[in-house]
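Worksheet: one structure, shown below.
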2 protein chains.
Amino acid sequence: MRARSYHHGDLRTALITAGLRAARSGGAAALGMRELTRAVGVTPNAAYRHFADRNALVRAVAAEAQELVARAMHERITGINPDASPAQAAVDRLRAVGLGYIHFARTERGWFELAFLTQEAGPVAAPPPYQLLVDALDGLVATGVLTPERRASAEWPCWSTVHGFADLATRGPLRHQDPRVVDAAAARVVDTVIRGLGVPPALLLRTPADGGSENA
Amino acid sequence: MRARSYHHGDLRTALITAGLRAARSGGAAALGMRELTRAVGVTPNAAYRHFADRNALVRAVAAEAQELVARAMHERITGINPDASPAQAAVDRLRAVGLGYIHFARTERGWFELAFLTQEAGPVAAPPPYQLLVDALDGLVATGVLTPERRASAEWPCWSTVHGFADLATRGPLRHQDPRVVDAAAARVVDTVIRGLGVPPALLLRTPADGGSENA
DNA sequence: TTGCGGATGTGGACAGCGTACACCAAAGAT
DNA sequence: ATCTTTGGTGTACGCTGTCCACATCCGCAA
């Protein structure tokens with residue numbers, strides 16, 4: 001980005017970056033053509049050389065936000081106890097996926113709101129966070145925790161539950177609740193789905209006070 | 001509402017009614033001061049005699065939308081099989097609550113989007129749909145299906161799951177999926193949470209092809 | 001009955017938004 | 001060295017929410 005040329009040099013990515021910065025606190029509503037071009041120091045219409053309209057810009061920023069979600073979830077996955085049995089580790093990985101999703105939603109609600117827009121999972125172009133979920137569920141089958149029959153379409157209960165909780169915790173009734181209450185509810189909710197999938201309770205019942213981890 | 005008086009007569013409710021009509025297809029975005037006052041045949045500023053700002057109007061319409069959700073869910077509850085055992089009926093009632101919520105979201109997505117705004121459940125002013133869920137869960141305890149320990153805070157897993165699924169089905173990746181696929185997923189998802197709560201599988205495993213009911 | 005005050009609706013204005021159209025500046029190819 | 005393509009500017013239109021001053025009507029009190 002040369003200093004003060006007539007041409008900006010890399011306006012497209014500059015707008016996306018500014019968009020991420022703005023959306024972090026303001027959510028999707030903070031992504032205005034005028035607002036972002038102003039932040040980048042350029043005329044509003046300049047953006048139209050790189051994005052068809054506001055919606056296209058929002059989608060581009062949203063894709064970036066999805067990467068951030070996946071990165072946060074991945075970090076949490078790599079932090080789990082390596083000394084556990086394979087079966088336990090697989091369950092813990094799934095739990096990390098769920099709690100990572102929820103944690104991200106609560107700590108980065110602007111980005112989270114954005115990330116959920118224009119989700120097109122399914123056969124085409126699975127978004128990164130979705131892929132982590134698929135891998136975790138496959139891990140349960142590989143370690144014999146889940147039968148292939150039970151695993152089929154297990155993505156939907158899992159994603160539904162953690163996403164729903166994330167929405168309740170960011171835009172819904174849990175919005176202004178004591179964070180520790182929300183933490184506890186999150187752990188409860190994630191364990192409930194996992195049990196619902198058919199995972200033996202022995203693999204998920206933690207002792208009270210939890211196995212030493214900041215959760216949700 | 002006399003024909004063409006200077007004063008409208010009942011502008012407040014007229015605006016809410018127009019708002020419901022507009023939001024049904026357009027969601028919250030369709031609730032504009034100018035748009036609604038125009039629909040009612042009055043000046044934009046007239047609305048400010050009844051609502052502090054746009055947000056207040058939206059909240060008022062949202063409250064109405066919540067009533068609609070509750071009504072739809074209630075209808076579904078009253079339609080369940082009366083010949084079942086008390087325990088089975090209690091489980092069916094909980095399922096009806098969940099599937100009713102999802103069904104409403106999918107068939108009235110504009111109203112649903114609106115209904116979720118300004119949810120303030122918890123000790124204060126529980127919204128009608130939430131109350132139906134509480135009652136259903138209490139029913140499980142009363143019929144001995146659920147122990148009081150398991151019932152505690154069971155609202156969150158339930159609400160999270162059905163709400164999350166509703167969101168996936170209306171704004172998320174299931175948005176443009178074949179409705180029959182979504183129906184099946186909805187049934188699967190609801191059964192998964194219920195099982196996760198600790199309900200014996202015998203009370204929820206339906207035979208394939210389902211027990212003769214249009215679902216989700 | 002008159003008149004007055006509070007409630008309600010009008011009219012005009014302002015700032016901000018997304019975006020279409022015409023124009024201009026610079027980079028790259030011939 | 002000129003021509004074309006790419007990318008940025010300037011102006012303008014219609015839309016939005018909201019503020020201010022003013023007009024109008026209803027109900028109550030004198």
Side-chain angles (χ1 to χ4, degrees), chain A residues 1-65 110 113-114 117-118, chain B residues 1-65 110 113-114 117-118:
Chain A
M1 44 179 95
R2 58 271 282 174
R4 220 158 266 292
S5 169
Y6 187 94
H7 286 45
H8 177 279
D10 196 2
L11 184 52
R12 181 186 166 86
T13 66
L15 285 173
I16 292 179
T17 301
L20 272 177
R21 183 159 169 63
R24 184 168 194 175
S25 49
L31 301 181
M33 293 302 245
R34 292 185 124 99
E35 182 161 355
L36 293 186
T37 51
R38 201 182 304 133
V40 165
V42 97
T43 282
N45 284 333
Y48 287 88
R49 296 291 166 186
H50 304 272
F51 302 97
D53 54 6
R54 174 180 184 275
N55 222 303
L57 204 177
V58 171
R59 280 202 307 271
V61 182
E64 219 66 25
E113 177 204 337
L114 207 57
L117 299 178
T118 70
Chain B
M1 45 179 97
R2 56 272 283 175
R4 221 159 265 292
S5 171
Y6 187 93
H7 286 44
H8 177 278
D10 196 3
L11 183 54
R12 181 184 166 88
T13 66
L15 285 173
I16 293 179
T17 302
L20 273 177
R21 184 160 170 62
R24 184 168 195 175
S25 49
L31 300 181
M33 293 303 243
R34 292 187 123 98
E35 181 162 357
L36 293 185
T37 52
R38 200 183 303 133
V40 164
V42 95
T43 281
N45 285 331
Y48 287 88
R49 297 293 168 188
H50 303 273
F51 301 96
D53 55 5
R54 175 181 184 274
N55 222 303
L57 204 176
V58 171
R59 280 201 309 271
V61 181
E64 219 66 25
E113 176 203 339
L114 207 56
L117 299 179
T118 71

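The structure displayed is predicted, hence computed values, not measured ones.
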B:R21, CZ atom: more than 12 neighbouring heavy atoms under 6.0 Å: no
May I ask you to test the [X]-[Y] pair for a side-chain heavy-atom distance under 4.5 Å?
X	Y	answer
A:T37	A:T43	no
B:I16	B:F51	yes
B:N55	B:R59	yes
A:V40	A:H8	yes

With sequence neighbours excluded, residues passing side-chain hydrogen bond (donor to acceptor under 3.5 Å, both in side chains) with A:R24: A:E108
Neighbours of DNA chain C within residues 54-65 of chain B, by heavy-atom distance under 4.0 Å: none
Any residue of residues 15-25 of chain A with a heavy atom less than 4.0 Å from an atom of DNA chain C: none
Distance-minimising heavy-atom pair for [X] and [Y]:
X	Y	value
B:L57	B:M33	CD1-SD, 3.7 Å
A:A28	A:R54	O-NH2, 3.1 Å
A:A22	A:A30	O-CB, 3.6 Å
B:L31	B:G19	CD2-O, 3.2 Å
A:L114	A:A23	CD2-CB, 3.8 Å

Nearest-nucleotide pick for B:R38, side chain only, options being D:dT16, D:dG10, C:dT19: D:dT16
Rounded (10°) bend between the five-pair end axes of the helix from C:dT1-D:dA30 to C:dA29-D:dT2: 10°
Could you write out each protein N or O paired with an N or O of nucleotides 3-7 of chain D at a distance under 3.5 Å?
from: D:dG7; atom 1: O4'; to: A:H7; atom 2: NE2; distance (Å): 3.3

Strand-adjacent residues in residues 30-37 of chain A, judged by heavy atoms under 4.0 Å from DNA chain D: A:R34
Nearest-0.5 Å distance that lies between atom NE2 in B:H50 and atom CG in B:L15: 7.0 Å
B:L11 side, atom CG; B:L36 side, atom CG - distance, nearest 0.5 Å: 10.0 Å
Donor/acceptor link under 3.5 angstrom from B:N45 side chain onto base of D:dG17: no
Interatomic distance, B:F51 CZ vs D:dG17 P [rounded to whole Å]: 14 Å
